Amino acid sequence: MNLPKEYTEKMKRLFGEKEYQQYLDSFSEGKQAGLRINTLKWTKQEFLNKNIFDTQEVKWCQEGVYSQGEARPAKHPYYYAGLYYIQEPSAMAPAAVLPVDKGDYVLDICAAPGGKSTHLGAKLEQTGVLVANDISPGRTKALLKNIELFGITNSIVMSETPEKLSKSFPCYFDKILIDAPCSGEGMFRKEPDMIKSWNQKLIDFCIQQQRNILEHSATMLKNGGMLLYSTCTFSPEENEGMIQQFLEKHSEFFIVPLDHLLGFDRGRPEWLENAKEELKHCGRLFPHKIKGEGHFLALLQKRGEKRYDILEQEREDIDKRICFFHDFEKEILQKNWKKTEGIYKIYGDDLCYLPKGVPLLKGLRVLRSGLLLGTFKKNRFEPSQAFAMALTKKDVKNVINFSLEEQNVVRYLKGETIEIPQQKEGWHLVCVDGYPLGWGKVQKGRLKNKYAVSWKWE
């Protein structure tokens with residue numbers, strides 16, 4: 001690795017000669033690959049029983065495994081069924097550590113491309129509200145796809161600044177995750193190109209962004225709520241230093257000690273001048289000590305009695321076209337298909353199912369409000385890809401279930417028309433081993449493929 005001289009001198013000073021050499025040696029070990037099981041669709045034991053990949057468990061994430069060997073998880077039908085997320089093992093830590101309970105209102109404020117949001121969504125088990133936000137509109141497209149692939153029904157996907165969010169969601173969230181933009185020092189082994197952009201100006205720029213995000217997040221958190229701040233850098237200015245400055249300004253917050261039995265190193269207050277000893281209760285993951293890349297975590301809690309400020313909420317839309325959806329529902333779906341308590345909202349010709357408890361979103365850049373059920377066309381309703389991924393085969397009356405070994409699975413994922421004799425005419429949920437992939441419509445013994453064009457197997 002061609003590391004900048006300024007960086008190597010800094011790391012020698014922080015680590016000391018012996019640990020610095022251990023850090024350098026870790027670059028020869030190669031990056032670690034991982035998968036996180038989608039517990040909305042199956043259990044970890046069901047995943048292990050399939051024995052489809054050579055795996056080893058990730059210590060700090062119950063749902064996480066290392067993926068080893070020559071397997072290609074992104075080229076497996078189970079990936080297209082949303083059964084797992086491909087994620088670097090250390091990046092699983094923030095959402096694993098944040099204690100999310102069913103019914104919580106949760107914000108992932110720097111969410112793209114969606115690894116942590118999908119993890120939080122799985123922990124909510126389709127209850128409460130998940131707001132997944134990223135300031136970059138381009139990056140939120142990948143975020144939206146991953147949330148839809150996972151079958152999450154209670155999410156709002158947005159692209160807004162922390163300032164605008166804080167005005168719309170004051171004291172609203174029970175839990176907030178900040179995977180802050182940072183100088184990325186912990187990812188140099190995994191993504192060597194990041195080395196080229198590293199300099200002190202980048203660190204200073206990131207510090208400004210981190211401070212801004214923390215300030216606005218503090219106003220959005222309920223009393224008693226918890227905030228998880230994380231970065232993938234070693235820089236103490238962006239980590240322990242950022243937390244110390246925040247606590248000095250916000251006495252209503254305190255650090256919740258992390259469980260170091262999970263494999264975390266302690267925080268390093270000694271890397272700063274006049275740092276408080278309580279910063280050792282933060283957590284660090286070092287690539288020379290664990291199987292993964294570098295990460296920093298700080299879990300904070302907000303003091304005070306819980307307040308329940310009631311914000312004006314979104315209301316259900318009344319539109320005569322809803323009858324077309326109810327006709328589809330009666331013909332195709334089983335009773336009790338809904339996973340989330342919510343309301344129907346119509347945006348143009350799109351029908352969404354929005355989780356209850358969402359405040360008015362007027363004036364905000366929203367990519368998706370709740371679950372996109374489908375689109376109204378002339379005198380009919382056509383279901384969406386996202387809707388298919390949010391269902392189970394038990395939710396639908398007509399199911400075409402291919403086994404993993406059948407060639408028709410890949411043919412379907414490539415968007416091909418498939419001969420399917422002796423099947424009932426009309427809409428069917430297409431599955432692999434019982435797990436939904438998308439929709440198809442049977443006409444005259446042929447399956448007209450309704451798999452999303454932008455999702456197709458290449």
Side-chain angles (χ1 to χ4, degrees), residues 19 32 34-37 39 43-45 48 55-66 85 87-104 106-108 115-125 173-180 182 186 214 217 221-222 224-234 236 238-244 246-247 253-272 275-303:
E19 190 173 4
Q32 299 291 334
L35 306 175
R36 199 190 70 254
I37 294 113
T39 53
T43 66
K44 183 177 180 180
Q45 192 57 53
L48 295 174
T55 59
Q56 178 186 347
E57 295 187 16
V58 175
K59 191 173 184 179
W60 49 85
C61 178
Q62 292 180 357
E63 304 86 1
V65 296
Y66 295 94
Y85 187 91
Q87 190 172 31
E88 191 279 316
S90 292
M92 300 176 189
V97 166
L98 185 62
V100 171
D101 299 313
K102 289 178 69 174
D104 277 349
V106 180
L107 169 65
D108 185 359
K116 297 168 182 68
S117 287
T118 53
H119 197 168
L120 296 170
K123 292 175 80 170
L124 282 170
E125 298 181 39
F173 294 104
D174 300 285
K175 310 286 164 57
I176 297 177
L177 191 149
I178 305 172
D179 186 37
C182 69
L214 272 166
S217 295
L221 192 67
K222 293 177 183 175
M226 302 183 86
L227 181 154
L228 192 288
Y229 174 86
S230 73
T231 72
C232 58
T233 187
F234 302 122
E238 300 176 67
N239 294 328
E240 290 90 352
M242 183 59 56
I243 297 303
Q244 173 146 313
F246 179 77
L247 293 177
F253 281 85
F254 63 94
I255 299 175
V256 178
L258 297 182
D259 182 359
H260 295 289
L261 295 176
L262 293 175
F264 302 128
D265 224 58
R266 65 173 181 81
R268 299 285 180 106
E270 65 272 19
W271 285 3
L272 296 165
K276 294 182 179 179
E277 192 67 15
E278 65 180 314
L279 292 168
K280 69 182 180 183
H281 294 312
C282 300
R284 281 183 175 268
L285 292 169
F286 292 113
H288 55 285
K289 293 189 175 186
I290 52 98
K291 290 178 64 177
E293 308 306 323
H295 234 83
F296 171 85
L297 303 98
L299 183 60
L300 308 177
Q301 188 162 13
K302 191 175 184 180
R303 296 184 177 91

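From a predicted model like this one, the values you see are computed outputs, not experimental measurements.
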Next item on the list: Identify whether the distance between the nearest side-chain nitrogen and carboxylate oxygen of Lys44 and Glu57 falls below 4.0 Å.
Entry: yes
Next item on the list: Keeping the roles fixed (side chain from Tyr229, backbone from Ala298), state whether a donor-acceptor pair exists under 3.5 Å.
Entry: no
Next item on the list: Check whether any side-chain heavy atom of Lys302 lies under 4.5 Å from a side-chain heavy atom of Lys222, and answer yes or no.
Entry: no
Margin query: Determine whether a donor-acceptor pair (N or O, by modelled atom type, separation under 3.5 Å) exists between the side chain of Glu88 and the backbone of Glu293.
Written below: yes
Next item on the list: Search all heavy atoms of Cys282 against all heavy atoms of Leu258 and return the closest pair with its distance.
Entry: C-CD1, 4.0 Å
Next item on the list: Could I get the full list of ring pair (Phe, Tyr, Trp, His ring centres under 6.0 Å) partners for Phe173, not counting sequence neighbours?
Entry: Phe169
Item checked: Chi angles and distances behind the side-chain contact (heavy atoms from CB on, under 4.5 Å) call for Ile37, Val65 -> CA-CA 8 Å; Ile37 294 113; Val65 296; 4.3 Å; yes
Notebook entry, point to check: To the nearest 0.5 Å, how far apart are CZ in Phe254 and CZ in Arg303?
Noted result: 6.0 Å
Check: Any ion pair linking Arg266 and Glu240 (charged N to carboxylate O, less than 4.0 Å)?
Finding: no
Item checked: Approximate separation, where rounding is to 0.5 Å, of Gln62 CD and Lys123 NZ -> 8.5 Å
Next item on the list: Evaluate the side-chain contact (heavy atoms from CB on, under 4.5 Å) criterion for residues Asp265 and Leu285: first the C-alpha distance (whole Å), next the side-chain angles of each, then the deciding distance (0.1 Å), finally the verdict.
Entry: CA-CA 6 Å; Asp265 224 58; Leu285 292 169; over 6 Å; no
Check: Considering only heavy atoms from C-beta outward, does the side chain of Val100 approach that of Leu124 to under 4.5 Å?
Finding: yes
Check: Quick one: are Val256 and His281 in side-chain contact, heavy atoms under 4.5 Å?
Finding: no
Margin query: Rounded at 0.5 Å granularity, tell me how far CD1 in Ile290 sits from CG in Leu262.
Written below: 12.5 Å
Next item on the list: Measure the shortest side-chain to side-chain distance between Asp174 and Leu221 over non-hydrogen atoms and say whether it is less than 4.5 angstrom.
Entry: no
Note to self: Using only atom types and a distance under 3.5 Å, with no angle test, would you say the side chain of Asn239 pairs donor to acceptor with the backbone of Thr231?
What the structure shows: no
Checklist line | Ser217 vs Leu227, side-chain contact (heavy atoms from CB on, under 4.5 Å): CA-CA, chis, key distance, verdict | finding: CA-CA 8 Å; Ser217 295; Leu227 181 154; 3.9 Å; yes
Check: Stepwise, does the side-chain contact (heavy atoms from CB on, under 4.5 Å) test hold for Cys182 with Cys232?
Finding: CA-CA 7 Å; Cys182 69; Cys232 58; 3.4 Å; yes
Notebook entry, point to check: Are Leu300 and Met226 side-chain neighbours, meaning at least one heavy-atom pair lies under 4.5 Å?
Noted result: no
Notebook entry, point to check: Between CD1 of Ile255 and NZ of Lys280, what distance do you get to the nearest 0.5 Å?
Noted result: 11.0 Å
Margin query: Are Phe264 and Leu297 packed together at the side-chain level, in the sense that at least one heavy-atom pair is separated by less than 4.5 angstrom?
Written below: yes
Notebook entry, point to check: Taking NZ, NE, NH1 and NH2 as the nitrogens, is one of them in Lys175 or Asp104 under 4.0 Å from a carboxylate oxygen of the other?
Noted result: yes
Next item on the list: Could you grab the distance from atom CG of Leu120 to atom CD1 of Ile176, nearest 0.5 Å is fine?
Entry: 11.5 Å
Check: Side chains of Met242 and Leu214: closer than 4.5 Å at any heavy-atom pair?
Finding: yes
Notebook entry, point to check: Between Lys289 and Glu19, is the closest basic N to carboxylate O distance under 4.0 Å?
Noted result: yes
Note to self: With rounding to the nearest 0.5 angstrom, report the OG to CG distance, Ser230 to Leu98.
What the structure shows: 10.0 Å
Notebook entry, point to check: Counting N and O atoms only, with roles assigned by atom type, does the side chain of Lys116 sit under 3.5 Å from a partner on the main chain of Ala93, one being a donor and the other an acceptor?
Noted result: no
Check: Gln301 side chain to Gly224 main-chain N or O, any donor-acceptor pair under 3.5 Å?
Finding: yes
Note to self: For a quick test of reading the model, state the closest non-hydrogen atom pair linking Leu272 to Pro236 and the distance between them.
What the structure shows: CD2-CB, 3.8 Å
Check: Checking Trp60 side chain against Pro94 main chain: does a donor-acceptor pair fall under 3.5 Å?
Finding: no
Notebook entry, point to check: Without hydrogens or angle criteria, can the side chains of Gln56 and Lys291 be said to hold a donor-acceptor pair below 3.5 Å?
Noted result: yes
Next item on the list: Compare all side-chain heavy atoms of Gln87 with those of Cys61 and state whether any distance is below 4.5 angstrom.
Entry: no
Next item on the list: On the 0 to 90° scale, with breaks at 30° and 60°, tag the Phe286-Phe234 ring pair as parallel, tilted or perpendicular.
Entry: parallel
Checklist line | Closest approach of Pro269 to Lys276 (non-hydrogen atoms, all atoms of both residues) | finding: CB-O, 3.5 Å
